[in-house]
Amino acid sequence: MARGKQTEPMSYSPSDYQRGRWAIYLFLIIVCICQLLPFYLAITTSLKPSDDMSPSLVMRTHDLAWSNWTQAVNEGGILKAVFNSAVVTVCSTFLVCVLGAAAAYPLARRMTKWNKFISAFILSMMMIPPMSILVPLYTFLVQIGGINNYWGIVIVLTAEKLPLSVFLYTAFIKAIPPAIDEAGALDGANHLQVFNRLILPMLKPVTATVVIMTGSAVWNEFALSSYILTDPQSQTIAPRVASFFSVNTNNLGIAAAAALIAAAPMVVAYMFLQKYFIAGMVAGSVK
C-alpha cells in the first residue's frame with residue numbers, strides 16, 4: 001500500500017515570532033489599562049475637593065483632599081463595615097467548607113439511586129436565583145429574629161454557596177481511589193475516622209478553590225445583604241458603600257475614598273496570597 005503524503009511541519013521565520021511577541025505585549029498592556037484605569041479614576045477622584053471640577057483623568061498635584069478619607073472613615077462607618085464583612089466572610093466560608101466536604105463524602109462514595117437524586121437536587125439549587133425567594137426568606141428571618149444579625153446573613157449566604165461547594169467536593173472525592181477507604185477500614189477505623197484522618201487531608205487543593213470562590217463572593221455580596229442588614233452598625237461593606245454614596249452624590253471624592261477603603265482588604269489579600277489562590281484554582285480544576 002502506498003503511503004499517504006506526510007505533511008511537513010509549518011516553519012516560522014524570526015519576524016513571525018517577533019510580531020507574535022509584540023502582539024502579546026500589546027494585549028497585556030490593554031488588559032492592564034482596563035484593570036487599572038478604574039482604580040486610577042477612583043484615586044484621583046478621592047483626592048479632589050468637592051469644588052474641583054477638573055476631569056477625573058487629571059491627577060491633582062497640590063492641596064490633596066485627604067479629608068475625604070478621614071470623612072469616609074468617621075462619617076461613613078467604613079471600618080465598621082469592613083469588620084462586619086470580615087466576620088461574615090470568615091464564618092460563611094468556614095461553614096461552606098466544613099458542611100460541603102462532610103456532605104460530599106457519602107454522596108461520592110455511595111452511588112445509590114437516592115444519592116444520585118440528592119446530588120442532582122443539590123446541583124439544581126445552583127440554578128435558582130437567590131432574589132427569587134427573597135420574600136419568603138425575609139419573612140422567615142423576621143420570624144426567627146435573624147434581621148440585622150451576623151448569624152442571619154451567615155446562614156443565608158452559607159445556604160446559597162453550599163451547593164457549589166458540595167458539587168466541587170463530590171467531584172474531587174470521586175477521583176480519590178476507594179482503596180484508601182478500604183485500607184482505613186481494615187485498620188479498624190469507622191467512616192468518620194476515615195474521612196477525618198485520610199480523606200480530609202487530601203482535600204486541600206479543592207478546599208483552596210472553595211475558599212477563593214466563596215470568600216470573594218461573600219465579601220462582594222450586595223443584593224441579599226442590603227435587605228437583611230439594614231442597620232448601619234451591622235451592614236457589610238457593599239451595602240454600606242452604596243448607602244454612603246447615595247447620601248454623598250454631591251461629593252464624589254468622599255464616595256471614591258469609601259470605595260477604595262472597601263476594596264483594599266481583598267486587593268491586599270490577593271497580593272500576598274496570589275500563589276495559593278492560583279495553585280488552588282488550578283489543582284481544583286485539574287483534579
Side-chain angles (χ1 to χ4, degrees), residues 86-130 133 137 146 150-221 224 266 269-270 272-287:
V87 172
V88 173
T89 301
V90 170
C91 295
S92 300
T93 303
F94 175 78
L95 290 176
V96 166
C97 291
V98 172
L99 297 178
Y105 179 63
L107 294 176
R109 283 296 186 251
R110 301 187 61 183
M111 302 300 296
T112 61
K113 293 183 178 180
W114 178 245
N115 279 0
K116 291 181 180 179
F117 170 77
I118 295 177
S119 298
F121 177 76
I122 293 175
L123 185 62
S124 66
M125 292 295 101
M126 297 168 54
M127 312 303 172
I128 300 178
I133 58 173
L137 177 62
Y150 287 145
W151 61 268
I153 188 63
V154 166
I155 61 174
V156 170
L157 295 180
T158 300
E160 179 189 356
K161 308 303 179 186
L162 194 57
L164 179 59
S165 172
V166 174
F167 173 75
L168 293 175
Y169 276 115
T170 301
F172 194 90
I173 294 176
K174 285 182 180 179
I176 299 177
I180 295 178
D181 303 53
E182 297 172 358
L186 291 176
D187 291 337
N190 55 34
H191 291 293
L192 183 60
Q193 292 173 333
V194 169
F195 174 71
N196 290 334
R197 299 179 181 178
L198 300 179
I199 303 300
L200 195 59
M202 303 177 65
L203 301 181
K204 292 180 180 180
V206 69
T207 299
T209 303
V210 174
V211 168
I212 297 165
M213 300 178 66
T214 304
S216 59
V218 171
W219 181 271
N220 297 314
E221 206 284 325
L224 293 173
M266 291 303 294
Y270 273 105
F272 286 95
L273 304 177
Q274 182 180 10
K275 63 177 181 179
Y276 301 105
F277 288 165
I278 295 176
M281 294 294 291
V282 172
S285 60
V286 172
K287 190 67 175 182

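Residues: numbered from 1 along the sequence shown. This is a predicted model, so every value here is computed, not measured.
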CG/Leu168 to OG1/Thr207 distance, rounded to the nearest 0.5 angstrom?
-> 10.0 Å
Would you give the length of the straight line joining atom CD1 of Ile199 to atom CG of Leu192, rounded to the nearest 0.5 angstrom?
-> 12.0 Å
Closest approach of Cys97 and Val210, non-hydrogen atoms and distance?
-> SG-CG1, 3.8 Å
Rounded distance [0.5 Å steps], CZ in Phe117 versus OG in Ser124 = 8.0 Å
Could you tell me whether the side chain of Val194 reaches within less than 4.5 Å of the side chain of His191, counting heavy atoms only?
-> no
So, do Val88 and Glu221 sit near enough that their side-chain heavy atoms are less than 4.5 Å apart?
-> no
Nearest 0.5 Å please: distance from the CZ atom of Arg110 over to the CG atom of Asn115.
-> 6.5 Å
Distance (rounded to the nearest 0.5 Å) between Leu162 CG and Leu95 CG | 9.0 Å
Between Pro130 and Glu160, the two heavy atoms sitting closest are CG-OE2, 3.3 Å
Verdict with reasoning, Met202 to Ile173, per side-chain contact (heavy atoms from CB on, under 4.5 Å) = CA-CA 9 Å; Met202 303 177 65; Ile173 294 176; over 6 Å; no
Atom CZ of Phe167: over 12 foreign heavy atoms under 6.0 Å = no
For Ala102 and Pro106, the nearest pair of non-hydrogen atoms, with its separation, is O-CD, 3.1 Å
Thr170 versus Tyr105, side-chain donor and acceptor atoms under 3.5 Å = no
Taking the side chain as every heavy atom from C-beta outward, state whether Phe172 and Pro205 have any pair of such atoms under 4.5 Å apart.
-> yes
Which atoms form the tightest heavy-atom contact between Ala101 and Tyr169, and what is the distance?
-> N-CD1, 3.6 Å
With side chains defined as the heavy atoms from C-beta onward, is the minimum distance between Met213 and Thr209 less than 4.5 Å?
-> yes
Minimum side-chain heavy-atom gap Leu203-Ile176 below 4.5 Å | yes
Rounded distance (nearest 0.5 Å) linking atom CD1 of Ile118 with atom CG of Leu123 = 13.5 Å
Note: Val166 and Ala103 closest approach over all heavy atoms is CG2-CB, 4.2 Å
Tell me, do Ser92 and Lys161 make a side-chain contact under 4.5 Å, heavy atoms counted?
-> no
Test Lys116 against Leu107 for side-chain contact (heavy atoms from CB on, under 4.5 Å), laying out the working first.
-> CA-CA 7 Å; Lys116 291 181 180 179; Leu107 294 176; over 6 Å; no
So do the side chains of Thr214 and Leu157 get within less than 4.5 Å of each other, counting heavy atoms only?
-> no
4.5 Å side-chain heavy-atom contact, Asp181 and Leu198 = no
Grab the two heavy atoms, one from Lys174 and one from Arg109, that are nearest each other, plus how far apart they are.
-> CA-NH1, 4.4 Å
